[in-house]
Amino acid sequence: MRVEIWSDIACPWCYIGKARFHQGLSEFAHRDQVEVVFRSFELDPGGAKGVTAPVLEMLAKKYGRTLDEARAMEEHVASTARAEGLDYRTDGRDHGNTFDIHRLLHLAAARGRQEELLDLAFRANFAEVRSVFDPEVLVALAVEAGLDEAEARAVLADDSAYADEVRADEREAAELGANAVPFFVLDRRYGISGGQPAEVFTRALEQAWAGREVEEPTAAEACEPDGACEVPQV
C-alpha cells in the first residue's frame with residue numbers, strides 16, 4: 001500500500017498530523033508493507049522569495065487579533081503539539097515562501113533521504129531557533145539529513161532545479177481535490193484531510209487494506225491554500 005502525504009513546512013497541522021499518522025501506522029499490522037511518499041504543497045506560493053515576517057505578526061494581521069491574542073492562539077497549537085510529544089516554540093518563528101524547501105525535499109527524495117530532511121525541517125521551523133527560510137540553514141539541514149553539501153547548494157542556486165516536480169505535486173493535489181493540508185491519499189483511492197487522531201489513520205489503513213471503502217472521518221484541523229490555518233480562536 002502506498003500512502004502519499006501532501007504538506008507544507010509552514011503548516012503546524014502538517015507537523016502534528018505527520019506525528020499522528022506515524023503513531024497510527026505503528027498500530028497497523030501490515031505497516032512494513034506501507035510505502036510513505038511526501039508531496040509538495042505551498043501555503044503561500046505567491047510570497048516573495050527571501051521575504052519573511054514574524055509568525056505572531058502574521059497571525060495577528062490575518063485574524064485581526066492583537067499580538068497577545070495571537071500568542072495565545074499559538075500556545076493552543078503548541079499544547080496540541082506537545083501532547084503528541086513534539087517540541088513547539090511560540091516566539092521567534094518566521095513565515096515565508098517555502099518553494100526552495102520543497103525543491104530541496106525533492107532532491108532528498110531522489111537520494112532516499114526525504115523523510116530525514118522533512119523531519120529536520122519541521123523541527124527547525126517549529127521547535128528550534130533556526131529559520132528554514134535562510135539558505136544556509138537549509139544547506140545545514142540537508143547535510144544533517146545525509147545529502148551532499150555541494151549538491152544541495154547547487155539546487156538552491158538554480159531556481160529551476162526540481163521546480164517541475166514541485167509544480168507537478170501541486171497540480172496533482174488540485175486534481176485530487178485537496179483543499180487543505182495535511183492531505184493523505186491511500187493507494188490513490190481514498191483521501192483523508194487534516195491532522196486526524198492516530199486511531200483514525202489506523203482504522204483507515206485497515207479498511208483500505210481489506211478492500212473496504214474508508215469511512216469519511218470527521219473534520220480535523222488543517223491549513224488551507226490561502227495560508228489560513230485552523231487555529232483555536234481565543
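- Contacts of Glu199 classified as salt bridge (charged side-chain N to carboxylate O under 4.0 Å, His left out), with partners at least two apart in sequence or in another chain: none.
- Side-chain rings of Phe41 and Phe183 stay apart, their centers remaining 6.0 Å or farther from each other.
- Leu59 has its side chain out of reach of Lys62: every pair of non-hydrogen atoms, C-beta onward, lies at least 4.5 Å apart.
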(request) Carefully, step by step, assess Asp94 and Met58 under the rule side chain to side chain contact (heavy atoms under 4.5 Å, CB included). (result) CA-CA 9 Å; Asp94 53 6; Met58 180 273 292; over 6 Å; no
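- Smallest separation of non-hydrogen atoms from Ala10 and Asn125: CA-ND2, 4.0 Å.
- Note on Phe21: it clusters hydrophobically with Phe28, by side-chain heavy-atom contacts below 4.5 Å among ILVMFWY residues.
- Here Arg203 does not pair with Glu27 in a salt bridge; the nearest charged N to carboxylate O distance is not below 4.0 Å.
- Between Asp87 and Glu128, the closest side-chain pair of non-hydrogen atoms is not below 4.5 Å.
- Nearest approach of Thr218 to Gln196, heavy atoms of both residues: O-NE2, 2.8 Å.
- Between Ile16 and Glu221 there is no side-chain heavy-atom pair separated by less than 4.5 Å.
- Exactly one residue among His106, Glu172, Glu170, Glu165 makes a side chain to side chain donor-acceptor pair (under 3.5 Å) with Ser40. That residue is His106.
- Judged purely by distance below 3.5 Å, without hydrogens or angles, the side chains of His102 and Asp169 never pair a donor atom with an acceptor atom.
- Here Gln33 contributes atom CD and Leu205 contributes atom CG; the two are 12.5 Å apart, rounded to the nearest 0.5 Å.
- Counting only heavy atoms from C-beta outward, the side chains of Lys49 and Phe99 never approach each other to under 4.5 Å.
- With salt bridges taken as basic N to acidic carboxylate O contacts below 4.0 Å, none links Glu151 and Arg113.
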(request) Report the C-alpha distance between Lys61 and Glu57 in whole Å, list the side-chain angles of each, state the deciding distance to 0.1 Å, and finish with yes or no for salt bridge (charged side-chain N to carboxylate O under 4.0 Å, His left out). (result) CA-CA 6 Å; Lys61 182 178 180 180; Glu57 290 183 12; over 6 Å; no
(request) Give the intermediate values and the outcome of side chain to side chain contact (heavy atoms under 4.5 Å, CB included) for residues Leu86 and Phe122. (result) CA-CA 10 Å; Leu86 300 171; Phe122 269 139; over 6 Å; no
(request) Start with the C-alpha gap between Phe38 and Lys18, add the side-chain angles, then the distance that decides, and say whether side chain to side chain contact (heavy atoms under 4.5 Å, CB included) holds. (result) CA-CA 10 Å; Phe38 296 93; Lys18 181 178 184 297; 3.6 Å; yes
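- Remark: of the listed residues Arg93, Arg82, Arg123, Arg93 is the sole one forming a side chain to side chain donor-acceptor pair (under 3.5 Å) with Tyr88.
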(request) Quick one: do Val77 and Trp13 satisfy side chain to side chain contact (heavy atoms under 4.5 Å, CB included)? Show the steps, please. (result) CA-CA 8 Å; Val77 180; Trp13 298 114; 4.2 Å; yes
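- In this structure, CZ on Arg2 lies 12.5 Å from CG on Leu186, to the nearest 0.5 angstrom.
- Follow the hydrophobic side-chain contacts under 4.5 Å out from Val200 and you never reach Leu25; the two are in separate clusters.
- For the pair Arg212 and Tyr190, the cation does not sit on the ring face, since its NZ or CZ is not both under 6.0 Å from the ring centre and inside 45° of the axis.
- Leu156 CG to Glu136 CD: the interatomic distance, rounded to the nearest 0.5 Å, is 9.0 Å.
- When all heavy atoms of Ala208 and Arg189 are compared, the closest pair comes out as O-NH2, 3.1 Å.
- Taken to the nearest 0.5 Å, the SG atom of Cys14 stands 9.5 Å off from the CD1 atom of Ile5.
- For the atom pair CZ of Phe201 and CD1 of Ile192, the computed distance is 6.0 Å after rounding to the nearest 0.5 Å.
- Of all non-hydrogen atoms in Ala127 and Tyr15, the two that sit nearest each other are CB-OH, 4.1 Å.
- Here the CD atom belonging to Gln114 is positioned 10.5 Å from the CG atom belonging to Leu107, to the nearest 0.5 angstrom.
- Under the 4.5 Å side-chain criterion, counting only non-hydrogen atoms from C-beta, Met1 is not in contact with His30.
- Within 6.0 Å of CD on Glu213 lie no more than 12 heavy atoms contributed by other residues, nucleotides or ligands.
- The two residues Asn97 and Ala48 have their closest heavy-atom pair at CB-O, 4.1 Å.
- Residue Met73 is not grouped with residue Leu56 when hydrophobic side chains (ILVMFWY) are merged at heavy-atom distances under 4.5 angstrom, including chains of intermediate members.
- Across Leu67 and Ala60, no two heavy atoms sit closer than the pair CD2-CB, 4.2 Å.
- If you chain together hydrophobic residues whose side chains sit under 4.5 Å apart, Leu120 and Leu105 fall into the same group.
- With respect to the salt-bridge test (charged N to carboxylate O, under 4.0 angstrom), the residues Glu75 and Arg71 do not qualify.
- Under the 4.0 Å criterion applied to side-chain N and carboxylate O atoms, Arg103 and Asp100 are assigned as salt-bridge partners.
- A donor-acceptor pair is defined here as one N or O able to donate and one able to accept, closer than 3.5 Å; no such pair exists between the side chain of Thr98 and the backbone of Ile101.
- For the pair Leu118 and Ile9, the minimum side-chain heavy-atom distance is below 4.5 Å.
- A single hydrophobic cluster is seen to contain both Tyr63 and Val55, as judged by linkage of ILVMFWY side chains at heavy-atom distances under 4.5 Å, directly or through other members.
- Proximity of a side-chain donor or acceptor of Arg20 to a complementary backbone N or O of Gly195 within less than 3.5 Å is detected.
- By the 4.5 Å heavy-atom criterion applied to side chains, Leu117 and Leu141 are counted as neighbours.
- Side-chain contact between Glu116 and Glu144 is absent, with no heavy atoms from C-beta onward closer than 4.5 Å.
- Of the possible polar contacts, one joining the Arg31 side chain to the Ser26 backbone as a donor-acceptor pair under 3.5 Å is found.
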